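Structure record follows, encoded as structure tokens.
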Amino acid sequence: MWECSNEDDWERLLLPLKTSQEKGSMILVTTRFPAIAQMVGTNDHSIELEGLEFKYFRELFHAFVFGDDQRRRDHAFLLETGDKIMVKLKGSPLAAKTVGRLLRKDLNLRHWRRILESKEWETQTGVNDIMPALKLSYDYLPFQLQQCFLYSALFPEDFKFSGRYLINFWIGLDILQPDVQNRTFEYIALSNLNDLVAHGFFIEEIYDSMWYVMHDLLHDLALQVASRDCISLHRSNAGSVYIQPSIRHLSIIIDDDDAMSRENFNSQLRKLKTRLKVKQLHTLMLFGEMDESFANILGDLFGQAKALRVLHLVNMPTSVESVLNNFSALVHLRYLCLGTKYGRDMHLPLAISRFII
């Protein structure tokens, strides 16, 4: 459980179980937040999970770093420094994977000692804090991979990306750099995606097709490193989050079906005009279902957003122009993703014809 703003939400979830005539119903709650564990009344029966035991964690860590026993034996001079780094990873498989892949890039004692002596470890705040390890892995990524990763902050947690979507998204953001071999941006973007998977920042999942997902702690890292340029607004933070003057990329996540919560959210969005420099926005993304009133609020808010490069509007009521009545003025637009909820017909603006080749 990631969020439970008050006990009423929890009681609403429990209500069907309490009214049932059947006995023995149980809910297993997992959370990273002790305050939530306390609110849902699990303190008497809670189990605090710790990292892997040292012996097993060392085996996993070495597997990520060396790959096989022979390579480990060939680099035995690194093991003492590796053990010191490993202690800082708090038994976390995720940290073992990201830092292990970082160490694997250069099996050199000087590189490993530089990792061990990094000041990033000084920011560790608790016995289970692995964010410094993840941040360190991010810091050692090539700049272009950093750029591709950090814009993941605009998406909801647990979002499933298709490879094609990420490639077009990065091209639309104009963050890819041409290489000396004159390869296409599609090729460069796919190469970047494969590198981020290899470094542990994305995970490949296969259902009906290939999807890419991100661990929630890595999503938290993306929010952290992107905070100067990107912001994601949702019900719980819309009224309180500080919006820096440098923000260029905005996503709005509609994550609540409760009518009162939606009205409060709408009220906060109406006030955005005084807090957000709309004219300088390069990216606008909306996730979740919006109704006509919500679309009208956004239409009023983003009437001056003429510098947009990337536009993601899915689950719309019917018309793009209900949100963006200045669509024809978006001369910088590079990437457009549109959709309506429940497969309704969409009324497209005439200016969209310039995207058709």
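Predicted model, so just to flag it, every value in this text is computed and none were measured.
- Leu79 contributes atom CG, which lies 11.5 Å from atom CZ of Arg73 (distance to the nearest 0.5 angstrom).
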Donor-acceptor contacts, no H, no angles, side chain residues 194-205, under 3.5 Å, sequence neighbours left out:
| residue | atom | partner | partner atom | Å |
| --- | --- | --- | --- | --- |
| Asn194 | ND2 | Leu190 | O | 3.4 |
| His199 | ND1 | Asp195 | O | 2.8 |
| Glu205 | OE1 | Tyr207 | OH | 2.8 |

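- In this structure, Leu272 CG and Ile297 CD1 are separated by 10.5 Å, a value rounded to the nearest 0.5 Å.
- The environment of Tyr56 atom OH is sparse: at most 12 non-hydrogen atoms of other residues, nucleotides or ligands sit within 6.0 angstrom.
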Take Gln268 and Leu233, measure what side chain to side chain contact (heavy atoms under 4.5 Å, CB included) needs, and give me the verdict at the end. CA-CA 10 Å; Gln268 295 298 335; Leu233 298 179; over 6 Å; no

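- In plain terms, the two heavy atoms of Gln224 and Ser227 that are nearest each other are O-OG, 3.1 Å.
- In the displayed structure, Glu117 atom CD is contacted under 6.0 Å by more than 12 heavy atoms of other residues, nucleotides or ligands.
- Heavy atoms of other residues, nucleotides or ligands lying less than 6.0 angstrom from CD of Glu80 number 12 at most.
- When all heavy atoms are compared, the tightest approach of Tyr242 to Ile231 is O-CD1, 4.0 Å.
- Remark: Ser232 pairs with Ser251 by the side chain to side chain donor-acceptor pair (under 3.5 Å) rule, at least two apart or across chains.
- With sequence neighbours excluded, the residues forming a side-chain contact (heavy atoms from CB on, under 4.5 Å) with Pro156 are Phe159, Ile253, Phe287, listed by chain and number.
- Take Phe169 and apply the ring pair (Phe, Tyr, Trp, His ring centres under 6.0 Å) test, not counting sequence neighbours, and it matches Phe155.
- Cluster annotation: Tyr140 and Tyr138 are assigned to distinct hydrophobic clusters (Ile/Leu/Val/Met/Phe/Trp/Tyr, side-chain heavy-atom contacts under 4.5 Å, transitive).
- Electrostatic pairing of Asp129 and Lys90 does not count as a salt bridge here, judged by no charged N lying under 4.0 Å from a carboxylate O.
- Summarising the geometry, atom CG belonging to Leu193 is positioned 8.5 Å from atom SG belonging to Cys148; distances are rounded to the nearest 0.5 Å.
- The backbone N or O of Ile115 sits less than 3.5 Å from a side-chain atom of Trp121, completing a donor-acceptor pair.
- Cluster membership for Leu94 and Leu150, using ILVMFWY side-chain heavy atoms within less than 4.5 angstrom, is shared.
- Annotation: salt bridge (charged side-chain N to carboxylate O under 4.0 Å, His left out) contacts involving residues 172-187, sequence neighbours excluded, comprise Asp174-Arg334, Asp179-Arg183.
- Between the side chain of Trp112 and the backbone N or O of Leu103 there is at least one donor-acceptor pair closer than 3.5 Å.
- Residues Leu52 and Pro93 approach most closely at CD1-CG, 4.0 Å, considering heavy atoms.
- Partners of His312 according to the side chain to side chain donor-acceptor pair (under 3.5 Å) rule, which considers only residues two or more places apart in sequence or in another chain, are Tyr165.
- Remark: the backbone N or O of Phe149 is paired with a side-chain donor or acceptor of Ser152 at under 3.5 angstrom.
- Arg72 is linked by a side chain to side chain donor-acceptor pair (under 3.5 Å) to His62, Asp69, counting only residues two or more places apart in sequence or in another chain.
- With sequence neighbours excluded, the residues that form a side-chain contact (heavy atoms from CB on, under 4.5 Å) with His249 are Tyr151, Leu154, Leu173, Asp229, Cys230, His282, Thr283.
- Under the 4.5 Å side-chain contact rule for hydrophobic residues, Met86 and Leu136 share a cluster.
- One hydrophobic cluster holds both Ile175 and Tyr335 under the rule that ILVMFWY side chains link at heavy-atom gaps under 4.5 Å.
- The two residues Leu102 and Ser137 have their closest heavy-atom pair at CD2-CA, 4.0 Å.
- Hydrophobic clustering places Phe77 together with Val65 (ILVMFWY residues linked when any side-chain heavy atoms are closer than 4.5 Å, directly or through intermediates).
- Counting only heavy atoms from C-beta outward, the side chains of Arg58 and Asp83 approach each other to under 4.5 Å.
- Taking the salt bridge (charged side-chain N to carboxylate O under 4.0 Å, His left out) definition, one finds that Arg275 meets it with nothing, sequence neighbours left out.
- The CG atom of Leu284 sits 6.0 Å away from atom CD1 of Ile252, with the distance rounded to the nearest 0.5 Å.
- When side chains are defined from C-beta on, Leu276 counts as touching Leu281, because their heavy atoms get closer than 4.5 Å.
- Looking only at distances, no side-chain donor or acceptor of Lys135 sits under 3.5 Å from a matching main-chain atom of Thr123.
- Between the side chain of Gln124 and the backbone N or O of Pro132 there is no donor-acceptor pair closer than 3.5 Å.
- Going from atom CG of Asn168 over to atom CZ of Phe185 covers 13.0 Å, rounded to the nearest 0.5 Å.
- With sequence neighbours excluded, no residue satisfies salt bridge (charged side-chain N to carboxylate O under 4.0 Å, His left out) with Arg114.
- Between Arg104 and Arg71, some side-chain heavy-atom pair lies under the 4.5 Å cut-off.
- With sequence neighbours left out, Asp74 forms a salt bridge (charged side-chain N to carboxylate O under 4.0 Å, His left out) with no residue at all.
- The backbone N or O of Ala133 sits nowhere less than 3.5 Å from a side-chain atom of Glu120 that would complete a donor-acceptor pair.
- For Arg101, the side chain to side chain donor-acceptor pair (under 3.5 Å) criterion is met by no residue, not counting sequence neighbours.
- His111 and Asp106 get closest at one heavy-atom pair: CD2-O, 3.2 Å.
- Put simply, the side chain of Asp220 reaches to within 4.5 Å of the side chain of Glu157, judged on heavy atoms.
- Side chain of Thr81 to backbone of Arg113: no donor-acceptor contact under 3.5 angstrom is found.
- The CD atom of Gln280 sits 7.5 Å away from atom OG of Ser246, with the distance rounded to the nearest 0.5 Å.
- Shortest non-hydrogen contact noted between Leu134 and Thr98 is CD2-OG1, 3.4 Å.
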